[in-house]
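A short worksheet on the structure shown next.
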Amino acid sequence: MQLQVINSPFNQEQAELLNRLLPTLTESQKAWLSGYLTAIQSASAPGTSEVLTTEISAESTGQTISREVIILYGSQTGNAQRLAENAGKALEGNGFQVIVSSMSDFKANHLKKAQNLLIIVSTHGEGEPPDNALSFHEFLHGRRAPKLDGLRFSVLSLGDSSYEFFCQTGKEFDQRLEELGATRLYPRVDCDLDYDEPASEWLAGVYGGLSEAQQGGGATPAPATALQVSESVYSRTNPFKAEVLENLNLNGRGSNKETRHLELSLEGSGLTFEPGDILGVYPENEPALVDMFLEEMNWDPEELVTINKQGGVRPLKEALVSHFEITVLTKPLLEQAVQLSANKDLQELLSPDNEENLKAYLEGRDLLDLVRDFGPWRVSAQAFISILRKMPARLYSIASSLSANPDEVHLTIGAVRYDAHGRKRKGVCSCLCAERLQPGDTLPVYIQPNQNFKLPKNPDTPIIMVGPGTGIAPFRSFMQEREEIGAEGKSWLFFGDQHYVTDFLYQTEWQKWLKEGVLTKMDVAFSRDTDEKVYVQHRMLEHSKELFEWIQEGAVVYICGDKKNMAYDVHNTLLAIIEKEGSMSREKAEDYLADMQQQKRYQRDVY
């Protein structure tokens, strides 16, 4: 049937479009379109919520089933955000209407109108929510949280099993949603560092749960390929081999530290990034450590082993150097290892009433310690490596601007070395860079966007940067970028380290930017140069009045570096400054800083 313009409210062009489209639609597509138009019409009614459900009629059940899915993510470094965005694209490609939002941007009171909710959230630090999940987490666990009897949900939780509170934030969301009356459309999935495969399985399960409701039960889960979203040529699962152009020690002679400045070529990769983004690096284990492990187990380094489900085969030593994590022990690893050993002490260590001893044992030990402490191991190399985690990427704040350094990416990496349990220990990636990586070598890398740590869109906005030690890295990229675009906004750097003479990272660059006016102010703290240790938070307090004036003028405050000590101290110092200079109570100061965070005027890249 052809639509005649003379008998319809459509103009000629619209009628032609409809006449081309309508004959191609299936019956289910026509039904969906009918429901969609009804939803749009409803949306124009006064008082309609901004979060609307697009519905279809499920004839087999007589119910009205929502095809809208809300995906909320809480992400510190960008992994949860990327998974949420990809899940959204995959579900949209399968006919669902999807809203993807950061938890900090989502209006929590809209939750009670939702029918399908997916939570994708990482756990930060010692079981804490990511910064952009804090307000939503607090709301959901507070007295104002609504009853959610009509909500169906599922949670994908990201974490690191080497931490005591593995996937804690996801577990808390999952439990709380159930307490509020919501029902699971698919069970929660907890992911370790190697999250791609379990995340794909979770999404397929979620799709099956959503589709089952649409079809009145009995839905067939979508094949994995139907839910995949194509990525750029080079990505986390297909890293680019970047050539090392420069590898320099930034510390002076006599320093207690070794901080490497790496310059890598991205030429031919097509990879791009913005200041504040992160570079993922896949390192290799130290060959000498692998040799000691192989000797302890009396295994042939050239024995061929399968390294993944796709059937990839490598010599054993190469597999242990390049593909598996051997420097971190986790409780899940020991729970699998106990099946491969008859050692009673290992069984005792894993007993339910021995949590504190287990925690103490895991701290600072590696796979070599495990096999030495709990032998004999009468097991094949293949069986043993099957319990190991894949080598996780190390994430570093990018220390350069792509505009200022085309086809390059720079990193600032502090070498980690320490003694523990009678042996010298080394950071896997940091000591690879410090001891074995030469110009001309390559590193497998990928870009991880970090939307939680970005320069203000208005270049006239003042910025305050707090970055001691290697926390200086993203601020170097900020300054390079602002110099390139001619930003007029004021900028203030607080930097700290041990000694002025040996540890002032990128000193000449900062002094040049200060002289030329690219950087407005700089305050430094070198803790070992004075009898009393002075840190960046002390410098902030010294300039309390002016710092608060900058904040009142709209400055964005950035913190980068150690979360456990520095970021905690700086956060409390900021609260103290706001409380004092703003003549506020502590509670009001906390609200003020939380509001800054909500407005993206307080951003942290902490680890």
For the pair F453 and F475, name the ring-plane relationship: parallel under 30°, tilted 30 to 60°, perpendicular over 60°.
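Tilted, since the angle between the ring planes falls between 30° and 60°.
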May I have the step-by-step check of side-chain contact (heavy atoms from CB on, under 4.5 Å) for M522 and L519, ending in yes or no?
CA-CA 7 Å; M522 178 169 63; L519 180 67; 3.9 Å; yes
Salt bridge check, [Y] against [X]: does any charged N sit closer than 4.0 Å to a carboxylate O?
X: E246; Y: R260; result: no
X: E483; Y: K512; result: yes
X: K426; Y: E435; result: yes
X: K454; Y: D277; result: yes

Test side-chain contact (heavy atoms from CB on, under 4.5 Å) applied to I71 and I119, step by step
CA-CA 6 Å; I71 304 178; I119 294 274; over 6 Å; no
Steps toward side-chain contact (heavy atoms from CB on, under 4.5 Å) verdict (I578, L593):
CA-CA 8 Å; I578 293 167; L593 196 54; 4.0 Å; yes
Take R389 and T330 through the side chain to side chain donor-acceptor pair (under 3.5 Å) test and state the conclusion after the steps.
CA-CA 10 Å; R389 292 200 299 190; T330 68; 5.4 Å; no
Report, as yes or no, whether the 6.0 Å neighbourhood of atom OH on Y163 holds more than 12 heavy atoms from other residues, nucleotides or ligands.
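Open: at most 12 neighbouring heavy atoms sit under 6.0 Å from OH of Y163.
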Give the C-alpha distance, both sets of side-chain angles, the deciding distance and a yes or no for side-chain contact (heavy atoms from CB on, under 4.5 Å) between T259 and T412.
CA-CA 7 Å; T259 310; T412 310; 3.7 Å; yes
Does any donor atom in the side chain of S401 or E481 lie under 3.5 Å from an acceptor atom in the other side chain?
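A pair is found: one side chain offers a donor N or O, the other an acceptor, under 3.5 Å apart.
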Could you tell me whether the side chains of E85 and Y73 share a donor-acceptor contact shorter than 3.5 Å?
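Side chains of E85 and Y73: no pair found under 3.5 Å.
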Between D503 and K257 (side chain of the first, backbone of the second, donor and acceptor by atom type, cut-off under 3.5 Å), is there such a pair?
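No.
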Ring pair (Phe, Tyr, Trp, His ring centres under 6.0 Å) with W510: which residues, sequence neighbours excluded?
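Ring pair (Phe, Tyr, Trp, His ring centres under 6.0 Å) list for W510, sorted by chain: W513.
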With sequence neighbours excluded, tell me which residues meet ring pair (Phe, Tyr, Trp, His ring centres under 6.0 Å) with Y195.
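For Y195 there are no ring pair (Phe, Tyr, Trp, His ring centres under 6.0 Å) partners, ignoring immediate neighbours.
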Identified side-chain hydrogen bond (donor to acceptor under 3.5 Å, both in side chains) counterpart of K600 within the set N452, D105, N132
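Filter result, single survivor: D105.
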In chain order, what residues pass the side-chain contact (heavy atoms from CB on, under 4.5 Å) check against P459, with sequence neighbours excluded?
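By the side-chain contact (heavy atoms from CB on, under 4.5 Å) rule, P459 matches I485, A487.
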